[in-house]
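Note that ligands are numbered from 1 as they come in the structure, with each ligand's atoms numbered from 1 the same way. Sequential numbering from 1 along the given sequence is applied to the chain's residues.
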Amino acid sequence: MLDKQSHLPIYVQIEERLKSQIKSGAFKSGDPVPSERELSEMYEVSRMTVRQAIMNLVSEGLLYREKGKGTFVSQEKIEQPLQGLTSFTEDMRSRGMHPDNKLIGFHKIKPDADIAAKLKLSETDDLFMVKRIRYADQKPMAIETTYIPVKLLPDLNEESVKGSFYTYIQEKLKLTISHASQSIEALLAEPEEANLLNIQEPSAVLHIERLSYLSNDIPFEVVHSTYRADRYKFRSEISR
Ligand code: 16G
């Protein structure tokens, strides 16, 4: 049972119990956890204490609540290494997941000043704007808006981005993707994003901006991606 003399608060001890039950597989993703009433009877503590533990695990993303149904174990997050310039398709396949795309926008536009500067274009040049929802095993993971200079890839069409865009560049056009710079920031999902990603509001999302280059330092894409923060975490290896 719980150690009521411990310097560790009771709600933290309950959190630890639940965490280790999730880790050991006693509770699997999608399983309901016992209700507040059941837990408070089981541990002989107040429902307030149990609620505190559950709330902390919900905000850590280990549990999620469904209105009127209860509290459930979340799916394990996808851990994405930050080294290596990979595509969404490659990332999902390397995990044994099935990648899919839904093209929700394909337009020719004029760049704003920021994108024009990144892609070394003038504001009168044309850009393709490609908007896709990216799925893993049929679940929406990210929304991606890709900006591509028309003068660099003039033959790009809807077919080229229905599958992997990187495969199109490398295998169809025989161009070499070389390097990229990327930033990641935490935001709250906009209503449209929450709807497309099938998440509740308010929900945290990870907003990633990538500027990628072909060999010879030719910038070929600016990508604005919105990833589900409940499904993704990023890892980098660092040394000193
Ligand atoms: C990834 C890249 C994106 C790239 C796409 C190509 C991030 C944050 N973004 O999603 O920049 O355009 O892969 O994927 O990783 P594809 O070859 O599967 O179309």
Side-chain angles (χ1 to χ4, degrees), residues 77-109 111 114-121 127-150 152-153 155-187 189-190 193 196-197 199 204-215 217-237:
K77 289 190 185 180
I78 292 175
E79 193 172 278
Q80 175 76 35
L82 277 175
Q83 58 273 38
L85 175 47
T86 52
S87 72
F88 183 85
T89 304
E90 289 164 342
D91 290 340
M92 293 310 123
R93 289 206 176 122
S94 70
R95 294 186 170 83
M97 299 176 97
H98 176 73
D100 229 330
N101 274 335
K102 186 169 173 191
L103 185 62
I104 54 171
F106 188 97
H107 307 282
K108 236 184 226 181
I109 59 162
D114 175 60
I115 294 179
K118 288 183 170 139
L119 291 171
K120 300 186 183 145
L121 298 175
L127 266 189
F128 287 117
M129 184 183 93
V130 179
K131 195 163 176 185
R132 300 186 290 175
I133 308 177
R134 318 290 322 241
Y135 296 83
D137 289 346
Q138 273 90 50
K139 299 256 167 57
M141 290 289 148
I143 307 163
E144 246 174 31
T145 308
T146 312
Y147 301 93
I148 306 150
V150 171
L152 189 65
L153 304 184
D155 297 329
L156 190 88
N157 57 37
E158 300 194 6
E159 272 316 301
S160 344
V161 288
K162 278 205 173 136
S164 164
F165 175 47
Y166 281 12
T167 302
Y168 168 79
I169 292 180
Q170 294 178 154
E171 287 173 20
K172 190 94 194 225
L173 305 181
K174 309 278 182 220
L175 296 169
T176 306
I177 298 170
S178 156
H179 60 282
S181 70
Q182 191 167 288
S183 67
I184 303 176
E185 69 183 312
L187 296 175
E190 301 283 339
E193 292 172 332
L196 294 175
L197 291 173
I199 51 179
V205 286
L206 296 163
H207 190 254
I208 307 182
E209 268 192 51
R210 185 186 276 190
L211 169 60
S212 321
Y213 297 82
L214 300 173
S215 47
D217 269 347
I218 300 168
F220 75 94
E221 64 166 6
V222 165
V223 189
H224 294 173
S225 316
T226 304
Y227 277 77
R228 289 177 57 153
D230 62 334
R231 299 291 292 110
Y232 261 86
K233 62 178 168 189
F234 291 86
R235 167 178 294 275
S236 57
E237 301 302 329

- Per-atom contacts, ligand 1 versus S87 - under 4.0 Å to a heavy atom: 6 (C), 13 (O), 14 (O), 16 (P), 17 (O), 18 (O)
- Task: Could you find the nearest protein heavy atom to atom 17 (O) of ligand 1 and give me its residue, atom name and distance?
- Result: S164 OG, 2.5 Å
- Near R132 (heavy-atom distance under 4.0 Å), the atoms of ligand 1 are 19 (O)
- Item | Exercise: do E209 and S183 side chains pair donor with acceptor under 3.5 Å | no
- Any idea which protein heavy atom is nearest atom 13 (O) of ligand 1, and the distance to it? F88 N, 2.9 Å
- Query: Would you say Q80 touches ligand 1, if touching means a heavy atom closer than 4.0 Å?
  - Reply: no
- Does ligand 1 have any atom sitting under 4.0 Å from a heavy atom of E90? no
- The protein heavy atom nearest to atom 10 (O) of ligand 1 is E144 OE2, 2.3 Å
- Separation between CD1 (I177) and CD1 (I218), nearest 0.5 Å, reads 12.5 Å
- Min heavy-atom dist I208 to ligand 1 below 4.0 Å: yes
- Message: What verdict does the side-chain contact (heavy atoms from CB on, under 4.5 Å) test give for I184 and L82, after you've listed the backbone C-alpha separation in whole Å, the side-chain angles of each residue and the deciding distance to 0.1 Å?
- Response: CA-CA 10 Å; I184 303 176; L82 277 175; 3.8 Å; yes
- Query: Rounded to the nearest 0.5 Å, how far does OH of Y227 lie from CD1 of I208?
  - Reply: 5.5 Å
- Which atom names give the shortest non-hydrogen contact between G163 and N101, and what distance separates them? O-ND2, 2.8 Å
- Message: Looking only at protein heavy atoms, which one is nearest to atom 15 (O) of ligand 1, and what is the separation?
- Response: R210 NH2, 2.8 Å
- Non-hydrogen atoms of Y227 versus ligand 1: any pair closer than 4.0 Å? yes
- Which segment of E221 sits under 4.0 Å of ligand 1 when only heavy atoms are counted: side chain
- Going from CG on L175 to CD on Q170, what distance comes out if it is rounded to the nearest 0.5 angstrom? 9.0 Å
- Between K172 and E159, does at least one N-O distance fall below 4.0 Å, as a salt bridge requires? no
- Item | Pairwise distance OG1(T226) to NE2(H207) - rounded to 0.5 angstrom | 4.5 Å
- Query: Quick one: nearest non-hydrogen protein atom to atom 18 (O) of ligand 1, plus distance?
  - Reply: T89 OG1, 2.4 Å
